[in-house]
Amino acid sequence: MDTQAKPQDQLVFHLTGRCQGDAMRPIAGLGLRPALLARYRDLDALRHDFPVVLGEPAGPEFALTLSSLVDALLRDVAPRGIEGERLRRHALQLEHEIRRAVAAGARGTLSELWQAAAARLGEREGETLEQVLVHAGGALRTDGEVLGCDAAMPARLLEQAWQAAYRAKARRFQAELARLVQKLSDILRAAHVHSQAGHLPQSLRAAVGGAHRDAFDFDVLSRIVGKGAPRDELPPARRQRLERTLQVLESQRFYPRADAGPEEIDACFEFRFDNCAAAAQAFRERLAGVAELVKAMSIAELETRGHYVEVEHDPVLDGFDEHALTPEDLARFPDYLVCIPPARSDAPENTMLMELLSAGLPMKVLVQSTDLLEDAAIGTGHYAWGVRSARLATTAMGLGGMFVLQSASANLVALRAQLARGMACRGPALFSVYSGSAQAGAPLPPYLDAAAAMQSRAFPAFCYDAEAGGNWAERYSLVNNPRPEDDWAVQTLDYADAAQQRRSEASAFTYADFMLCDPRQAAHFALVPPARWNAAMVPAADWLQLAEADASQRLPYVLAVDEHDELQRVIVDARLMQATRRCRLLWRRLQEHGGVHDSHAERLLAREKAAWDQARQPAPPAAAVSVEAVAAPAAAALEPAPEAEAAAPAHTRDEAWIDTGRCPSCNECQLINDRMFAYNERKQAYIKDLAAGSYRQLVEAAESCQVAIIHPGAPRDANEPGLEELLARAEAFR
């Protein structure tokens, strides 16, 4: 291995992205993938969370993994010990067969796919095996639609979770509605029985059982019991109110009756949509009907209890309309499910998404992303995290008052409980899902691509539930992320060196590793042959930890494997490393929300530690103080301040400064360099020590500032690497 200074052409590639010379080669077409993904080449041979089987929509069990169902079946039917080993082996073989079939595009219920897989195994290993497996399949605890981890899965899974929440609401609503209808019907029926109409011969005949009708003369009976009966026991106003209320209750279209037939179910409103505009329009059109039904249920409740007083309640209920509805009223009705297709997330009919969420409407919205990078509107040459993809959930979380879940599709099954809670919550909910790359011929299957996005912090998982409590610790969690306390997820990489000796090393899976999976990003990488490896090359995660001066003397690389699983080093250019640093910065912000490395807590801890250390120091000996020493500061305090200090100094283009008065205390500049940037007593940023950092850090702080108040000025060091690019980036902020 060459341990001398790094070749100049490698440095040129890192700074400019131009690949030249024989010290490296472009990676396009080489079939490279991150070394940590080498063990997942045959993903279908491994047991994981997919396929998933949709069961009955009831609680968190609305979806179950195929592996868990096979395990449960074997616990039920396979004898313990060696007697059941053959059945266990064949059942796992059948599970593998189903997983491969689903990955190849097979669809159907679990029982259908089970029988088809058993038939294929029977053709290869004998009819007896097929019969045994088919018989064992009869003990499966659930039979439902089988889903693979593809682009259609998130919408079907969330629809199943929504269906569970819908059915729970429907049961409560149907029970309440049936009770009110029965009570009102009883009031009207009793009034009819005691009225003249109820004493007519035909009414009396209908009231007597069929076996005894011939024993009575209903004409005579009518004349006897009808004497003195009122024409109508109910006052006209009340009868009209009761009949109108009963008609509203029985004609509502929000929920079908528990015993409804197909025609009645089809006549009910639809609450599933594929765009925000259609859902918003349906909500507005039905709002008057919601108000009418809530009003009718309120009248019915008062009437059944005998508490309705016309003088008191008529003026209130006559003015009841959609403007009087409360969140509690809306929570009794179905929520609107909006599953936006991945290709339509930025379509005109979905531009009102944030408006729907911020208005608190009962909308449950799924937004799928298939690409985490967007074109930067301010110019080329920069990565952008737009609100349509990786930044959407954090933007919605800032609105407050809603449920927000962000997750990769590979992680959705593990978050079934959170999906159910989001669907059952009162008010809006947003589910932001990365479902894997949609590129034709993508090198990774969707499951692995989505899992890699979450592992690399490119699309981390988190859950924000506004109803969970009164503080961030109760509302927010970094649910299911690997090693949430660290910058990157670290795993052990086992490999054989050139001498065929086993080696193990800890390897971090960074954003740069994730970008290596994207063929469009091949220009940001260069393969270095083993003969050209040198001591200046350091892993990308370690390179990010270096000080600016040290980093300028090193070359970041990621470990990759080729099509033959041979270990390779791939150096990364400066642009992609800047994006990796930005990804780490965004992840650290999410960590702070979750209480990991909380800068406020760490600052308070440091302050208390300093106070504790100072309190433990021995007091200095007392010294004599002269009258002049006491008088001098007092006299100085009485002198007027110079006029020059009253006015703020003017700043030039070449001067680095911060418009401190506009600082929102976002802490991003201090995360880049807390020695260069500091907070004043009002917790607003200023440049503490310009010499404590580099011009690159000044420019990066200016780019990451939310309100663009950092002005980097001109560089202090004319020999700083990459100065031409940095000046071009800084121009917009000078």
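No hydrogens, no waters, no symmetry mates; every other heavy atom, side chains included, goes into these values. In this chain, numbering begins with 1 at the start of the sequence shown.
Put simply, the side chain of Glu145 never gets that close to the backbone of Gly108: no donor and acceptor are under 3.5 Å apart. Distance alone, capped at 3.5 Å, is enough to place a donor-acceptor pair between the Gln160 side chain and the Gly55 backbone. Proximity of a side-chain donor or acceptor of Glu303 to a complementary backbone N or O of Tyr308 within less than 3.5 Å is not detected. At distances below 3.5 Å, at least one donor-acceptor pair connects side-chain atoms of Asp329 with backbone N or O atoms of Thr326. Panel note: side chain Glu112, backbone Thr109; a donor-acceptor pair is recorded below 3.5 Å. With Arg344 contributing its side chain and Asn275 its backbone, the two residues share no donor-acceptor pair below 3.5 Å. Under the 3.5 Å distance criterion, the side-chain polar atoms of Gln240 are left unmatched by any main-chain donor or acceptor of Pro236. Here the side chain of Lys295 pairs no donor or acceptor atom with the backbone of Asp321 at under 3.5 angstrom. The main-chain N or O of Ala461 is found under 3.5 Å from a side-chain atom of Asn481 such that the two form a donor-acceptor pair. Side-chain N or O atoms of Glu95 include none that pairs as donor or acceptor with a backbone N or O of Leu66 at under 3.5 Å.
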**Prompt:** Passes side chain to side chain contact (heavy atoms under 4.5 Å, CB included), Lys169 versus Asp335? Steps please.
**Reply:** CA-CA 10 Å; Lys169 280 189 175 184; Asp335 294 300; 3.0 Å; yes
**Step-by-step side chain to side chain contact (heavy atoms under 4.5 Å, CB included) determination, Ile98 to Leu94** = CA-CA 6 Å; Ile98 293 176; Leu94 185 140; 3.5 Å; yes
**Message:** Between Glu264 and Arg253, is the salt bridge (Lys or Arg N to Asp or Glu O under 4.0 Å) condition met? List the steps.
**Reply:** CA-CA 9 Å; Glu264 182 179 341; Arg253 296 171 56 195; over 6 Å; no
**Request:** Show the numbers, then the answer: is there a side chain to side chain contact (heavy atoms under 4.5 Å, CB included) between Leu242 and Leu234?
**Result:** CA-CA 10 Å; Leu242 290 172; Leu234 295 175; 4.0 Å; yes
**Message:** side-chain hydrogen bond (donor to acceptor under 3.5 Å, both in side chains), that's the test. Do Ser111 and Asp143 meet it? Break it down for me.
**Reply:** CA-CA 6 Å; Ser111 60; Asp143 184 24; 2.9 Å; yes
**Request:** Using the side chain to side chain contact (heavy atoms under 4.5 Å, CB included) rule, take Leu405 and Leu430 through it: C-alpha gap first, then chi angles, then the decisive distance, then the call.
**Result:** CA-CA 6 Å; Leu405 177 68; Leu430 172 68; over 6 Å; no
**Message:** Under the criterion salt bridge (Lys or Arg N to Asp or Glu O under 4.0 Å), I'd like the reasoning laid out for Arg99 against Glu97: C-alpha separation, chi angles, the key distance, then a yes or no.
**Reply:** CA-CA 5 Å; Arg99 182 172 286 112; Glu97 189 72 23; over 6 Å; no
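The two residues Leu133 and Ala118 make their nearest non-hydrogen contact at CB-CB, 4.0 Å. Nearest approach of Ser435 to Pro446, heavy atoms of both residues: O-CB, 4.0 Å. Smallest separation of non-hydrogen atoms from Leu293 and Gln252: CD2-CB, 3.7 Å. In terms of heavy-atom proximity, Ala453 sits nearest to Leu372 at CB-CD1, 4.1 Å. In terms of heavy-atom proximity, Ala151 sits nearest to Pro154 at O-CD, 3.5 Å. For Ser437 against Asp449, the heavy-atom pair with the smallest separation is N-OD2, 2.7 Å.
Taken from CD in Gln174 to OH in Tyr255, the straight-line distance is 8.5 Å, to the nearest 0.5 Å. Between atom CE of residue Met352 and atom CD of residue Gln281 there is a gap of 9.5 Å, rounded to the nearest 0.5 Å. Put simply, CG on Leu412 and OH on Tyr434 are 13.5 Å apart, with the number rounded to the nearest 0.5 Å. Of the inter-residue distances, the one linking Tyr464 atom OH with Ser477 atom OG reads 12.0 Å to the nearest 0.5 angstrom. The CD atom of Glu263 lies 12.5 Å from the SG atom of Cys268; values are rounded to the nearest 0.5 Å. Between atom CG of residue Leu366 and atom CG of residue Leu337 there is a gap of 8.0 Å, rounded to the nearest 0.5 Å.
No side-chain heavy atom of Phe269 sits under 4.5 Å from any side-chain heavy atom of Pro334. Looking at heavy atoms from C-beta onward, Pro460 lies in side-chain contact with Leu590 at the 4.5 angstrom threshold. With a 4.5 Å cut-off on side-chain heavy atoms, Met297 and Arg332 count as touching. Counting only heavy atoms from C-beta outward, the side chains of Met153 and Phe50 approach each other to under 4.5 Å. With a 4.5 Å cut-off on side-chain heavy atoms, Cys339 and Phe273 do not count as touching. Two residues are said to be in side-chain contact when any heavy atoms from C-beta on lie closer than 4.5 Å; Met363 and Cys276 fail this criterion. Using a 4.5 Å cut-off on side-chain heavy atoms (C-beta onward), Leu54 and Leu64 make no contact. Here the side chains of Leu110 and Leu69 are in contact, with some heavy-atom distance below 4.5 Å.
A parallel orientation is assigned to the rings of Trp162 and Tyr166, their planes being inclined by less than 30° (bins at 30° and 60°). Between Tyr447 and His48, the ring planes lie tilted relative to each other; the angle falls in the 30° to 60° range. Using the six-membered ring where Trp is involved, Phe333 and Phe254 have ring planes that are perpendicular, over 60° apart on the 30 and 60° scheme.
Electrostatic pairing of Glu292 and Arg244 does not count as a salt bridge here, judged by no charged N lying under 4.0 Å from a carboxylate O. Salt-bridge check for Arg156 with Glu159: passed, with a basic side-chain N closer than 4.0 Å to an acidic carboxylate O. Contact check on Arg179 versus Glu301 returns a salt bridge, with a Lys/Arg side-chain nitrogen under 4.0 Å from an Asp/Glu carboxylate oxygen. Ion pairing between a basic and an acidic side chain is recognised when a charged N comes within 4.0 Å of a carboxylate O; Arg107 and Asp150 show such pairing. Ion pair Arg241/Glu310 flagged as a salt bridge, since at least one NZ, NE, NH1 or NH2 atom sits closer than 4.0 Å to an Asp/Glu carboxylate oxygen. The pair Arg426-Glu328 counts as a salt bridge, with a side-chain nitrogen and a carboxylate oxygen less than 4.0 angstrom apart.
The number of heavy-atom neighbours closer than 6.0 Å to CD of Glu467, taken from other residues, nucleotides and ligands shown, is above 12. Sparse packing is recorded around NZ of Lys183, with 12 or fewer heavy atoms of other residues, nucleotides or ligands lying under 6.0 Å away. Heavy-atom contacts from other residues, nucleotides or ligands closer than 6.0 Å to CD of Glu243 number more than 12.
Between Phe462 and Tyr476, the distance from one ring center to the other falls under 6.0 angstrom.
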